[in-house]
Amino acid sequence: MILTVTMNPSIDTRYTVDHLIVDDVNRVVPAKTAGGKGLNVSRVLVQLGDDIVATGLLGGHSGAYLGELMDADGITHRFTPIAGESRTCIALLHDGNQTELLESGPVVSAEELEAFVGNYTDLVSDASCVTLSGSLPKGVPADTYARLVAIAAEKNVPVLLDTSGAALDAALDAEVKPTLVKPNLTEINDLLGTSFTPDELSELQAALAADERFADIDWVVVSMGAAGSVAFHGGRVLRAKAPRIECVNATGSGDSTIAGFAHAIAAGADDEEVLRCGNTCGTLNAMDPQTGHLVMDKWDEIHSAVEISEL
Ligand SMILES: Nc1ncnc2c1ncn2[C@@H]1O[C@H](COP(=O)(O)OP(=O)(O)OP(=O)(O)O)[C@@H](O)[C@H]1O
Ligand SMILES: [Mg+2]
């Protein structure tokens with residue numbers, strides 16, 4: 001079973017209008033999905049046919065509704081209940097733009113977090129791989145992912161971490177490292193204080209090699225949107241070039257990439273296939289209007305079109 005963690009899930013609500021009329025009425029039909037990056041990962045894993053359990057924190061009537069949305073997507077879920085209401089995030093598609101309104105979500109108490117860690121520890125025992133995705137809600141200390149990584153490592157379960165800012169900093173500074181991190185180019189540049197482009201991968205390699213926080217991480221994968229990704233693994237640098245496609249909606253492509261990595265790692269795939277599978281999922285998500293959803297009937301075509309070379 002693959003365990004996905006979503007600490008701050010949301011009812012993702014998309015409204016589409018041709019033109020947004022400011023300071024007047026706009027009539028809309030909502031499209032609602034169980035969101036938060038870990039739930040995007042979960043949806044893709046269900047599409048890939050994996051046995052998964054989604055966990056995290058879920059609260060109030062919104063939390064109950066999120067549970068129904070997960071059921072509808074075939075996602076098995078074992079979330080820890082909290083008192084606060086889970087959040088709603090709004091994406092407004094208008095005039096060729098995407099305007100987002102993101103609630104910060106509930107405040108989590110220390111007792112609720114400890115209940116979650118207990119629940120997580122039980123679930124990890126049955127997991128072949130764990131994914132930790134997204135930001136941490138208010139009240140949850142920045143080193144919480146580092147703690148979850150250590151719990152999984154104790155049971156020899158690989159952990160894939162996709163977060164940014166203070167939560168990523170804390171996980172990189174910890175003694176026990178995640179198996180894989182997947183910052184995008186902006187996130188890694190923020191972390192290193194650099195401004196590398198996809199054409200400066202040897203400079204990026206040198207910067208990562210000089211930074212001891214990355215030394216014990218088995219896979220450091222930097223995703224670069226339409227340019228594909230570069231993986232630093234086992235002393236090798238593997239470049240994956242994404243096939244040229246018509247991009248419909250690339251939101252959640254990083255989450256889909258994480259799903260592909262988890263799928264391949266849990267199946268014991270070789271290095272090249274891990275990278276190919278992650279990139280295939282990222283690209284197939286970019287071809288689909290929904291976030292965290294792959295155009296599965298293009299699997300074979302895209303899977304064989306991802307170009308992998310060693311730098
Ligand atoms: N326009 C595109 N064409 C082809 N492949 C793409 C495109 N955009 C993304 N991908 C694929 O998806 C992967 C992840 O994309 P990206 O680097 O944009 O992730 P991200 O910024 O973490 O996204 P998010 O956080 O929204 O999930 C890329 O490495 C690539 O394989
Ligand atoms: Mg991302």
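Hydrogens, waters and symmetry mates are skipped; everything else that's a heavy atom, side chains included, is used. For ligands, and for the atoms within them, numbers begin at 1 and follow the listed sequence.
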Distance-only side-chain donor-acceptor flag, N249 / T251, under 3.5 Å: yes
Protein heavy-atom partner closest to atom 13 (C) of ligand 1 - residue, atom, separation in Å: T257 OG1, 3.3 Å
Pair N285, S253: side-chain N/O donor-acceptor within cut-off below 3.5 Å: yes
Basic-acidic side-chain contact under 4.0 Å: K138, E112: no
Distance-only polar pair, side chains of S135 and N8, donor-acceptor under 3.5 Å: no
Proximity flag K37 to ligand 1, non-hydrogen atoms under 4.0 Å: yes
Interfacing atoms of ligand 1 (cut-off 4.0 Å, heavy-atom, D255): 27 (O)
Contacting atoms of ligand 1, where contact means under 4.0 angstrom from a heavy atom of A226: 1 (N), 2 (C), 3 (N), 7 (C), 8 (N)
Test of proximity, G254 against ligand 1: N or O pairs below 3.5 Å: yes
Ring geometry between W299 and H303 (parallel below 30°, tilted from 30 to 60°, perpendicular above 60°): parallel
T283 contact mode with ligand 1 (heavy-atom cut-off under 4.0 Å): both
Heavy atom of K182, distance to ligand 1 below 4.0 Å: yes
Sole candidate of E85, R87, E103 that passes side chain to side chain donor-acceptor pair (under 3.5 Å) when paired with S62: E85
From the candidates S164, G252, A286, the one that places a heavy atom nearest atom 26 (O) of ligand 1: G252
Nearest non-hydrogen protein atom, atom 29 (O) of ligand 1: G228 O, 2.8 Å
Residue selection (non-hydrogen contact nearest atom 10 (N) of ligand 1) among G278, A250, G225, A242: G225
Polar contact flag for N184 and ligand 1 (N/O pairs, less than 3.5 Å): yes
Check: T257/S223 side-chain N/O donor and acceptor closer than 3.5 Å: no
Backbone of N184 reached by a side-chain donor or acceptor of E187 within 3.5 Å: yes
Enumerated ligand 1 atoms positioned under 4.0 Å from heavy atoms of I245: 3 (N), 4 (C)
Nearest-contact summary for atom 17 (O) of ligand 1 - protein heavy atom, Å: S223 OG, 2.7 Å
Taking atom 31 (O) of ligand 1 as the reference point, the nearest protein heavy atom with its distance: N279 OD1, 3.0 Å
Test log, rule side-chain contact (heavy atoms from CB on, under 4.5 Å), inputs H233 and V221: CA-CA 8 Å; H233 171 67; V221 186; over 6 Å; no
Heavy-atom nearest neighbour in the protein, as seen from atom 15 (O) of ligand 1, with distance rounded to 0.1 Å: S253 CB, 3.6 Å
Check: D218 main-chain N/O paired with T179 side-chain donor or acceptor under 3.5 Å: no
Residue part near ligand 1, for C247, under 4.0 Å between non-hydrogen atoms: side chain
From CA spacing to verdict: side-chain contact (heavy atoms from CB on, under 4.5 Å), C129, L160: CA-CA 8 Å; C129 187; L160 283 47; 3.8 Å; yes
Distance-only N or O hit between ligand 1 and E187, under 3.5 Å: no
